[in-house]
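Here's the structure we're looking at; comments come further down.
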There are 2 protein chains.
Amino acid sequence: MAEEIGDRAQHLLKVLVESYIRSGQPVGSRALARDSGLDVSAATVRNAVADLEELGMVSSPHTSAGRIPTNKGYRMFVDSLLTVKPLTDREIITLNGQFGADGSNQELAISVSDYLAGMTEMAGMVMIPRTAKRSSLRHIEFMPLSDHRILAILVINEKDVQNTVIKVDRQYTTAELQQAANFLNSELAGHELFDVRHRILKELREAKDGMEQMMHQAISMAEQVFEQPGTKLLNDDFVLSGQTRLMGFEELSNMEKLRGIFEAFNEKQEILQLLDRCLDGDGVQIFIGDESGYDVLDECSMVTSCYQVDDEVLGILGVIGPTRMAYERVIPIVDVTAKMVSAALAQSK
Amino acid sequence: MAEEIGDRAQHLLKVLVESYIRSGQPVGSRALARDSGLDVSAATVRNAVADLEELGMVSSPHTSAGRIPTNKGYRMFVDSLLTVKPLTDREIITLNGQFGADGSNQELAISVSDYLAGMTEMAGMVMIPRTAKRSSLRHIEFMPLSDHRILAILVINEKDVQNTVIKVDRQYTTAELQQAANFLNSELAGHELFDVRHRILKELREAKDGMEQMMHQAISMAEQVFEQPGTKLLNDDFVLSGQTRLMGFEELSNMEKLRGIFEAFNEKQEILQLLDRCLDGDGVQIFIGDESGYDVLDECSMVTSCYQVDDEVLGILGVIGPTRMAYERVIPIVDVTAKMVSAALAQSK
DNA sequence: GTTTAGCACTCTAAGATTGCGAGTGCTAAC
DNA sequence: GTTAGCACTCGCAATCTTAGAGTGCTAAAC
């Protein structure tokens, strides 16, 4: 059953979705006939809209109300009908140079997320990937704590610092630890985190026969640092801002629903999985309603794009808001922001 | 106008508040007479309650509804009437050993906050003070970044790591930075952060005439680290969990109000100021409604207590929930939790 | 075959009306 | 000081009404 839609029906769907996004009210045949610009009567429009309903593009909340787009209708709208409104020059100028390359990735992510939230009046989010292949270990450092515990400090990439506590079988002196760190730095520094974890440590361990005692210990410390189950070293993270703006939308005024969404935000893992799925695509991607696979988001849409350096995708950024959002405005904002971030990161390399 | 309240009136207020906390419904004179256990009629109760109303302890939402406690009524209730329900042995056993001394302060705070939120079914919060006098600098370390920028890593207390980027006038080699760090460590390590910032650096600078060039530079780097305007080194922080639970309370089902509260949570600074005010008092403190000074919290109460080691207050923890909360249960939970945290911290010293 | 006008029908949202129950305040008696 | 009695007020929920919007169908017009 090929879903062929005539030109007129497409046009009507477009006008209907636009009108609904603007007003939030179901769109009736009379208004649609007027707004469509077509020189046809409401009755004709009724027939066409009845076809759209049969295809599952629109539905009526009740017998005698107008039609509202279904998720499928939104999907068709953003895929084939939407005319994106490019940013004005002024907006681009404001955006340009907004994101400095100073500060940590964390700080950059926060400022980008705030920016997205502010521009779109919805919630902004930026994923900070730590597993990216390009993450390389720059420096490792140990400090003795009391009780056979050691604080390991890692500097990753340019300016991200991570630390974790490991346990060892005896006390070490500062000098011993320094020596261990020196050895590990000479062996590991500059390598990519992924490699360190999966390959280099293994190689070192296998070749350890000829090594002295201290190096053995250094390697087992490093193993603990990189394998520690609770470690957040290698987990992605994301920042979110402007969540409270979502409370302003009527379609999300159902407490239960909203609570579900907020709880999903707190369960970072779930959202991250979702964001991971955006990594595949190129350019701006859109999840409409339950396309995300999460029930709680069934009245929300996400507009995302990935940012990258040298053709390698580093992460995802985007916004989340009600399904009924001004896509034609949000899409270019997300798009351009991703490009700006990519540029800022390339510069700081 | 001394606010003298007879014994009977006090008792009635107590029963009224308890009943309202339980049911959330305005309490009428008949029900109050029945529940009070007094052998008086509803009419008598009406007279007494009218007196309470005159004193501002209770009010009626409208002419012919029962009475509900005002903030002043709640205040009297928690100050003089409340009979606290001690925790059961089982609860204390569960609580005991809940909080390990491993991991960073941050991690401890998160687990405590989660615990408070879980036990009380409201939002939990724990302040992580960084300005505490006992915060002492343990180690400082520099790493060169590109472009005249240096990454400074500070280890504070046992296991808190902070880092910040500073700018310098020329490139430094790793060796130079190592030397500077060595010098600073020998001068600063073990001193309290507050002193480092306000006293020791000053002394060093004043005495710098006899020093060599490298030490001058080391001192000015340290000054940048500790004075940098954007630095979060010395700012307190706090963690909050279970915010979404607040969405479950009817009295907070007003979107606008709730949004205000959530936004206040995001504006950490404001909440921290509020928490600072708790530092003065001993034991459990309670803010009822607008006593906090924040309009947005006028339907909320905070129950807080400070945790301490060796009689020195380290920080604040507590819960936040609707004014109509089960104080007799929440108060001991907060109280005992604070004591447990104090104990856990003392142990880990 | 497509388009249109006409019309009966459906459904919602917003008021208006009503009755009920809860609770008060007052008064007069105990 | 306490109590019973009673008129009165108010909110709430149920019910009804009405107006308006919009549909679906049919039959006629193009």
Side-chain angles (χ1 to χ4, degrees), chain A residues 4-13 15-20 22-70 73 250-251 253-254, chain B residues 4-13 15-20 22-70 73 250-251 253-254:
Chain A
E4 305 234 347
I5 300 188
D7 283 353
R8 171 192 275 160
Q10 285 204 9
H11 178 71
L12 286 174
L13 178 60
V15 176
L16 187 148
V17 175
E18 284 168 351
S19 166
Y20 181 69
R22 223 178 313 113
S23 70
Q25 297 301 316
V27 186
S29 55
R30 178 158 38 244
L32 191 50
R34 176 170 26 80
D35 295 349
S36 71
L38 301 178
D39 200 14
V40 295
S41 76
T44 311
V45 168
R46 275 205 281 282
N47 290 328
V49 171
D51 295 345
L52 284 176
E53 184 155 31
E54 207 151 313
L55 289 171
M57 298 289 179
V58 298
S59 71
S60 14
H62 56 84
T63 333
S64 96
R67 302 308 209 293
I68 61 176
T70 60
E250 308 128 50
E251 50 262 73
S253 58
N254 177 334
Chain B
E4 305 233 348
I5 301 188
D7 283 353
R8 174 192 273 158
Q10 284 202 10
H11 178 72
L12 286 173
L13 178 59
V15 176
L16 187 147
V17 175
E18 284 169 351
S19 166
Y20 182 69
R22 221 178 315 113
S23 70
Q25 298 299 317
V27 186
S29 55
R30 180 160 33 247
L32 190 50
R34 176 171 26 81
D35 295 348
S36 71
L38 301 178
D39 199 16
V40 296
S41 75
T44 311
V45 169
R46 276 206 280 283
N47 289 329
V49 171
D51 294 346
L52 285 174
E53 183 156 31
E54 208 151 310
L55 289 170
M57 298 289 180
V58 298
S59 70
S60 14
H62 56 83
T63 332
S64 96
R67 302 305 211 290
I68 60 176
T70 60
E250 308 129 49
E251 50 262 73
S253 57
N254 177 334

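FYI, side chains are in, hydrogens and waters are out, and symmetry mates aren't considered; it's all heavy atoms of this structure. All chains are named by letter (A, B, ...) in the order of the sequence lines, taking the proteins before the strands, and each is independently numbered beginning at 1. All values derive from a computational prediction rather than experimental measurement.
Between B/Arg8 and D/dT2 there is a side-chain polar atom (N or O) within less than 4.0 angstrom of OP1 or OP2. Taking only side-chain nitrogens and oxygens, B/Ser60 never comes nearer than 4.0 Å to OP1 or OP2 of C/dG23. Residue A/Thr63 places at least one side-chain N or O under 4.0 Å from the OP1 or OP2 atom of C/dC11. For C/dT4, one of the phosphate oxygens OP1 or OP2 lies less than 4.0 angstrom from a side-chain nitrogen or oxygen of A/Thr44. Here A/Arg67 reaches the OP1 or OP2 of D/dG24: one of its side-chain N or O atoms lies under 4.0 Å away.
For B/Arg30 and D/dA4, the CZ to P distance is 12 Å, given to the nearest whole Å. To the nearest angstrom, P of C/dG23 lies 14 Å from OH of B/Tyr20. One can place CZ of A/Arg34 at 11 Å from P of D/dA21, the figure rounded to the nearest angstrom. C/dA22 atom P lies 12 Å from atom CD of B/Gln25, rounded to whole Å. Atom CG in B/Leu52 sits about 12 Å away from atom P in C/dT24, given to the nearest Å. At whole-Å resolution of the value, CD1 in A/Ile68 and P in C/dC11 are 17 Å apart. The CG atom of A/Asp39 sits 12 Å away from the C1' atom of C/dT3 (whole-angstrom rounding).
Between C/dG25, C/dT3, D/dG24, one nucleotide has an atom nearer to the side chain of A/Arg46 than all others, and that is D/dG24. Nearest to the side-chain atoms of A/Ser64 among the listed nucleotides C/dT24, C/dC11, C/dT4 stands C/dC11. Considering only side-chain atoms of A/His62, the nucleotide from C/dC11, D/dT3, D/dG22 that sits closest is C/dC11.
In this structure, B/Arg67 and B/Val27 have side chains that are not in contact, with every pair of non-hydrogen atoms separated by 4.5 Å or more. The closest side-chain heavy-atom distance from B/Leu38 to B/Val45 is not below 4.5 Å.
Across all their heavy atoms, B/Gly56 and B/Thr70 have their closest contact at O-OG1, 2.6 Å. Nearest heavy atom pair, residue A/Gly66 against residue A/Ser60, reads O-CB, 3.5 Å.
Summarising the geometry, atom CG belonging to A/Asp7 is positioned 11.0 Å from atom CG belonging to A/Leu12; distances are rounded to the nearest 0.5 Å.
Residues A/Pro26 and A/Asn47 both approach DNA chain D. Their nearest nucleotides, taken by heavy-atom distance, put A/Pro26 toward the 5′ side.
Base contact: B/Ala43 has a heavy atom under 4.0 Å from a base atom.
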